Protein chains: 2
Amino acid sequence: MSVDQDKFKQILREKGLKVTTQRISILKVLSDCDDKHLTAEEIYELVKIDYPEIGLATVYRTIQLLLELKLIDSVQLGDGYVRYEFGHNDEGGKKHHHHHLVCLSCGKVVSFEDDLLEKLEEKIEEKTSFRVVDHDVKFYGYCKDCL
Amino acid sequence: MSVDQDKFKQILREKGLKVTTQRISILKVLSDCDDKHLTAEEIYELVKIDYPEIGLATVYRTIQLLLELKLIDSVQLGDGYVRYEFGHNDEGGKKHHHHHLVCLSCGKVVSFEDDLLEKLEEKIEEKTSFRVVDHDVKFYGYCKDCL
DNA sequence: GTGGCTGCAAATGTTTTGCATCCGT
DNA sequence: ACGGATGCAAAACATTTGCAGCCAC
């Protein structure tokens, strides 16, 4: 929460960028809705509650900034929207990889931590000489509540 | 090739839909460029070579139809375009699952067959009571040629 | 005070839709 | 000849950009 905000402010200052109410508000919404995977429009609507003057363009520009700073990640669930989630990166920049379980009935997205993929990555490098540096894994199905 | 075309024509007739030159041409392009992962615009340009009168809207409508018939699959590689590939589904409807290796340098997409994911799916069902029915797996990295 | 940031509106790029016409059945 | 399919243009959609004014530094 405020740890992230302080970190954000610090990075902005280090880069000579300005700490604005809009930027802090957007980070706060993303941090508060950590598990929601919000679209830009949804972030816009949530920020407007506390800060009605904000423009959608500012939301997009701030999302772009947060992506570049690796404070958030983008997720595409195949529904035509780009969604964003608070980044769970280590201090050292190493990613806490998690996969997404997407419910085809209610649309809910649950995260799932696992490292079995690393074995598969090794297998790929062996068999195809393709050097894997990142992956994106989604499972579609039905959640406990919808079954 | 023509096996797919015949299958397509048969399905169209069964559903009371019309077999048109446009529909056959679009299927042919997708079938010929099986490994290319084309965008709608790219399909449009390719079909225009043999059939210059075609409209982009027809391409989109036919893609939609082919998706519904599960003759093609859509792939989003994260570059903002929706791409389409010829479906490799069994007769029984069971998918020949393959994953995509996307080269971050040249953009080339290679397919990789593997069933290690099934273990991971079992693990998910055990741990979270989430019933998995499909998945979408992409690996990003650098291909042999680019290394 | 200055330059970066913002809000607005206009532009962009992809995909969808309305409608008159066309063509497969 | 009927009704679905097509081509065109306009609309819809998310996202980006240009610019004058504003505010953090």
Side-chain angles (χ1 to χ4, degrees), chain A residues 5-6 8-29 37-69 72 74-84, chain B residues 5-6 8-30 37-69 71-72 74-84:
Chain A
Q5 241 179 69
D6 290 346
F8 184 35
K9 288 184 188 174
Q10 187 193 326
I11 295 173
L12 288 176
R13 290 196 189 101
E14 277 169 9
K15 301 226 168 199
L17 301 169
K18 289 181 180 170
V19 176
T20 64
T21 314
Q22 290 91 328
R23 286 178 173 169
I24 298 302
S25 301
I26 290 165
L27 183 85
K28 189 176 178 322
V29 163
H37 305 84
L38 303 170
T39 64
E41 193 75 35
E42 286 167 347
I43 296 167
Y44 174 58
E45 292 301 330
L46 286 169
V47 173
K48 273 212 292 197
I49 296 170
D50 284 330
Y51 196 96
E53 320 89 285
I54 200 162
L56 185 52
T58 302
V59 174
Y60 277 104
R61 282 185 285 233
T62 304
I63 286 170
Q64 213 50 49
L65 175 66
L66 291 168
L67 283 173
E68 281 158 23
L69 298 177
I72 62 173
S74 71
V75 193
Q76 282 181 272
L77 303 178
D79 60 355
Y81 295 93
V82 181
R83 293 166 183 280
Y84 304 93
Chain B
Q5 240 178 71
D6 290 345
F8 184 35
K9 287 183 187 172
Q10 189 193 325
I11 295 173
L12 288 176
R13 290 198 189 99
E14 278 171 8
K15 302 225 167 200
L17 301 169
K18 289 179 180 171
V19 177
T20 63
T21 315
Q22 291 91 328
R23 285 178 174 168
I24 298 301
S25 301
I26 290 165
L27 184 85
K28 189 177 179 320
V29 162
L30 280 159
H37 303 87
L38 303 170
T39 64
E41 192 75 34
E42 287 166 348
I43 296 167
Y44 175 56
E45 292 301 329
L46 287 169
V47 174
K48 271 211 295 197
I49 295 171
D50 284 330
Y51 195 96
E53 321 89 284
I54 199 164
L56 185 52
T58 302
V59 174
Y60 277 105
R61 281 186 284 232
T62 304
I63 286 170
Q64 212 50 49
L65 175 65
L66 290 168
L67 283 173
E68 280 158 23
L69 298 177
L71 291 173
I72 62 172
S74 71
V75 193
Q76 282 182 274
L77 302 177
D79 60 356
Y81 295 93
V82 180
R83 294 164 183 280
Y84 304 93

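The chains referred to below are lettered A, B, ... by the order of the sequence lines, with proteins before strands, and numbering in each begins at 1. In this text the structure is predicted, and so the values were computed from the model without any measurement.
In this structure, Glu41(A) reaches neither bases nor backbone, as no heavy-atom distance under 4.0 Å exists between it and the strands shown. Counting any heavy atom pair closer than 4.0 Å across all strands shown, Arg61(B) reaches a base atom. Nucleic acid contact for Tyr44(B): none, since no nucleic acid atom lies under 4.0 Å from a heavy atom of the residue.
Both Gln64(B) and Tyr51(A) lie near DNA chain C, and the one whose nearest nucleotide falls closer to the 5' end is Tyr51(A).
Between dG3(D), dG4(C), dT16(C), one nucleotide has an atom nearer to the side chain of Lys18(A) than all others, and that is dG4(C). The side chain of Thr21(A) lies closest to dA24(D), out of dA24(D), dT16(D), dT14(C). In this structure, the nucleotide among dT15(C), dC8(C), dC5(C) sitting nearest to the side chain of Ala57(A) is dC8(C). Distances were taken from every side-chain heavy atom of Arg23(B) (C-beta onward) to each of dG7(D), dA5(D), dT16(D); the shortest belongs to dA5(D). With distances taken from any side-chain atom of Thr20(B) to the nucleotides dG4(C), dG7(C), dA5(D), the minimum falls on dA5(D). In the set dT6(C), dT25(C), dT15(C), the nucleotide with an atom closest to the side chain of Thr58(A) is dT6(C).
Dense packing is recorded around OH of Tyr51(A), with more than 12 heavy atoms of other residues, nucleotides or ligands lying under 6.0 Å away.
At distances below 3.5 Å, at least one donor-acceptor pair connects side-chain atoms of Thr62(B) with backbone N or O atoms of Thr58(B). The main-chain N or O of Thr39(A) is found under 3.5 Å from a side-chain atom of Glu42(A) such that the two form a donor-acceptor pair.
Rounding to whole angstrom units, CD1 of residue Ile54(A) and C1' of dC8(C) are separated by 13 Å. To the nearest angstrom, C1' of dG21(D) lies 15 Å from CD of Glu53(A). Leu56(A) has its CG atom 9 Å from the C1' atom of dA14(D), to the nearest Å. Going from atom OH of Tyr60(B) over to atom C1' of dT17(C) covers 14 Å, rounded to whole Å. Across the protein-nucleic acid pair, Ile24(A) atom CD1 and dC5(C) atom P stand 13 Å apart, rounded to whole Å. Atom C1' of nucleotide dG4(C) and atom CG of Leu12(A) are separated by 12 Å, given to the nearest angstrom. At whole-Å resolution of the value, NZ in Lys15(B) and C1' in dG3(D) are 19 Å apart. Atom CD in Glu14(B) sits roughly 18 Å away from atom C1' in dG24(C) (whole-Å rounding).
The CD1 atom of Ile63(B) lies 12.0 Å from the CZ atom of Arg83(B); values are rounded to the nearest 0.5 Å.
Of all heavy-atom pairs between Tyr44(B) and Ile54(B), the closest is CE1-O, 3.5 Å.
Under 4.0 angstrom from either OP1 or OP2 of dC23(C) there lies no side-chain N or O belonging to Gln22(B).
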